[in-house]
Amino acid sequence: MHSDGTITIRVNGEHRRVAAGLTLAALAGELGLSPQKIAVERNLEVVPRSTLAEVMVADGDEIEIVHFVGGGDHQGAGDDGWSVAGRRFTSRLIIGTGKYKSFEENAAAAEASGAEIVTVAVRRVNVSDPGQPMLTDFIDPKRYTYLPNTAGCFTAEDAIRTLRLAREAGGWDLVKLEVLGEAKTLYPDMVETLRATEILAKEGFLPMVYCTDDPIAAKRLEDAGAVAIMPLGAPIGSGLGIQNEVTIRLIVEGAKVPVLVDAGVGTASDAARAMELGCDGVLMNTAIAEAKNPVLMAQAMRHAVAAGRLAYRAGRMGKRRYADPSSPLAGLI
């Protein structure tokens, strides 16, 4: 303790001097933050929100404060819903919340897409400017299901730590797990992903897992506790479309949990093709956020996912090697 009755702590990596005897709730108040909208980690241990008013800050403490950031459905006749971990949804399109020019544009795209689930990244609160707008001010978590993800995590430990904080911040146990192998391709590290899945499932999380388009790896994730399998169609943010339809189809055929194409979608036809392969849904971010008109593209994706699903349910005609006339040839003049 310093002679003036203050102590030194680190908050989100920044040294700060605060009054001795301060609780974590009081610290949040001094920073202009609502304890109801944040999660706090003290010395690598998540502090339950219900105890923030009781836990005292001590000299030398390392404090992390995080929150969520961005990174009416149009249904045709006969459209059906889907379920994941016992939760029912109508829209089969999940969108991300990163790369948009503004929260307003993000909210407008979410509305146009008809999505009911949005992925959200967990990032440090900007304690230097706590008055900055938050995603929750624009995309209401009471209307949309927030799906916290581990974007940017390269080890199982980092991903698990992030999701523990996410659960404390919002109370959600349905989460998206991704553990990346390296920064160039952003391909998942399946060894670390499988390890994280096992640990999270044992802790009561319901992980929807980003993975390679490998049917064997997908089955192992399902056995480890994944509630949904999310193979990449192509590298994250590439917009290349589905590169290996054969393995995606094999994953769909072998899975007992929902399968959603995650990553690589570039335009509406890619989304429709994923649904025609029998996937339960499609998750995308860049394809909408980086379109010249994100709101219009969100609407296009909404229709593409619905059309692809209807086509899958209808069952396509068989392919033939030669032409087959649409009109009978008998009785020609």
Inset, instruction - Can you run down the side-chain hydrogen bond (donor to acceptor under 3.5 Å, both in side chains) pairs that involve residues 252-276, sequence neighbours left out, and say none if there aren't any? - result: Lys176-Asp262, Glu245-Arg273, Arg273-Glu276
Legend entry - Pairs where residues 196-211 contributes a residue and the test side-chain hydrogen bond (donor to acceptor under 3.5 Å, both in side chains) is met, not counting sequence neighbours: Arg164-Glu203
Spell out, as yes or no, whether a donor-acceptor pair under 3.5 Å connects the side chain of [X] to the backbone of [Y].
X: Arg161; Y: Val46; value: no
X: Arg42; Y: Val57; value: no
X: Asp140; Y: Lys142; value: yes
X: Asp59; Y: Thr8; value: yes
X: Asp158; Y: Thr155; value: no
X: Thr90; Y: Gly81; value: no
X: Thr97; Y: Thr119; value: yes

Quick one: does [X]'s side chain get under 4.5 Å of [Y]'s, heavy atoms only?
X: Leu44; Y: Glu62; result: no
X: Asp280; Y: Arg92; result: yes
X: Phe89; Y: Ile94; result: no
X: Ile139; Y: Val120; result: no
X: Val40; Y: Glu64; result: no
X: Ile242; Y: Leu277; result: yes
X: Glu157; Y: Ile160; result: no
X: Val11; Y: Leu31; result: yes

Looking only at heavy atoms, which two atoms of [X] and [Y] are closest? And how far apart?
X: Pro294; Y: Ala289; result: CG-O, 3.8 Å
X: Met190; Y: Cys211; result: CE-CB, 3.6 Å
X: Ala20; Y: Ile7; result: CB-CG2, 4.1 Å
X: Ala274; Y: Val261; result: CB-CG2, 3.8 Å
X: Ile288; Y: Met297; result: CA-CG, 4.1 Å
X: Leu22; Y: Glu30; result: CD1-OE2, 3.7 Å

At what distance, to the nearest 0.5 angstrom, does [atom1] of [X] lie from [atom2] of [Y]?
X: Met317; Y: Lys319; atom1: CE; atom2: NZ; value: 10.0 Å
X: Asp137; Y: Glu104; atom1: CG; atom2: CD; value: 10.0 Å
X: Ile63; Y: Glu41; atom1: CD1; atom2: CD; value: 9.0 Å
X: Asn285; Y: Ile95; atom1: CG; atom2: CD1; value: 8.0 Å

Inset, instruction - Classify the angle between the aromatic ring planes of Trp172 and Tyr146 as parallel (below 30°), tilted (30 to 60°) or perpendicular (above 60°). - result: parallel
Inset, instruction - Start with the C-alpha distance between Phe154 and Asp189, add both sets of side-chain angles, then the distance that settles side-chain contact (heavy atoms from CB on, under 4.5 Å), and finish with yes or no. - result: CA-CA 8 Å; Phe154 290 85; Asp189 181 328; over 6 Å; no
Inset, instruction - I would like to know whether Leu52 and Thr23 meet side-chain contact (heavy atoms from CB on, under 4.5 Å); could you show each step before the answer? - result: CA-CA 7 Å; Leu52 291 180; Thr23 66; over 6 Å; no
Hydrophobic clusters here meaning ILVMFWY residues chained together by side-chain heavy-atom distances under 4.5 Å, can you tell me if [X] and [Y] are in one?
X: Val257; Y: Met208; value: no
X: Ile117; Y: Met284; value: no
X: Phe138; Y: Val295; value: no
X: Ile236; Y: Met230; value: no
X: Ile251; Y: Leu194; value: yes

Legend entry - Residue that, paired with Cys279, satisfies side-chain contact (heavy atoms from CB on, under 4.5 Å) out of Val252, Ile229, Leu260: Val252
Legend entry - Residue of the set Leu177, Val179, Asp214, Leu232 for which side-chain contact (heavy atoms from CB on, under 4.5 Å) holds with Pro188: Leu232
Legend entry - Ser83 and Arg88 side chains, donor-acceptor separation under 3.5 Å: yes
For [X], does the [atom1] atom sit with more than 12 other heavy atoms under 6.0 Å from it, leaving out its own atoms?
X: Arg220; atom1: CZ; answer: no
X: Tyr312; atom1: OH; answer: no
X: Glu45; atom1: CD; answer: no
X: Leu240; atom1: CG; answer: yes

Inset, instruction - With sequence neighbours excluded, tell me which residues meet side-chain contact (heavy atoms from CB on, under 4.5 Å) with Ala39. - result: Val66, Leu165, Glu168, Ala169
Inset, instruction - Start with the C-alpha gap between Val282 and Met301, add the side-chain angles, then the distance that decides, and say whether side-chain contact (heavy atoms from CB on, under 4.5 Å) holds. - result: CA-CA 9 Å; Val282 183; Met301 293 298 188; over 6 Å; no
Legend entry - Steps toward side-chain contact (heavy atoms from CB on, under 4.5 Å) verdict (Arg87, Leu206): CA-CA 11 Å; Arg87 305 173 193 198; Leu206 302 168; 3.5 Å; yes
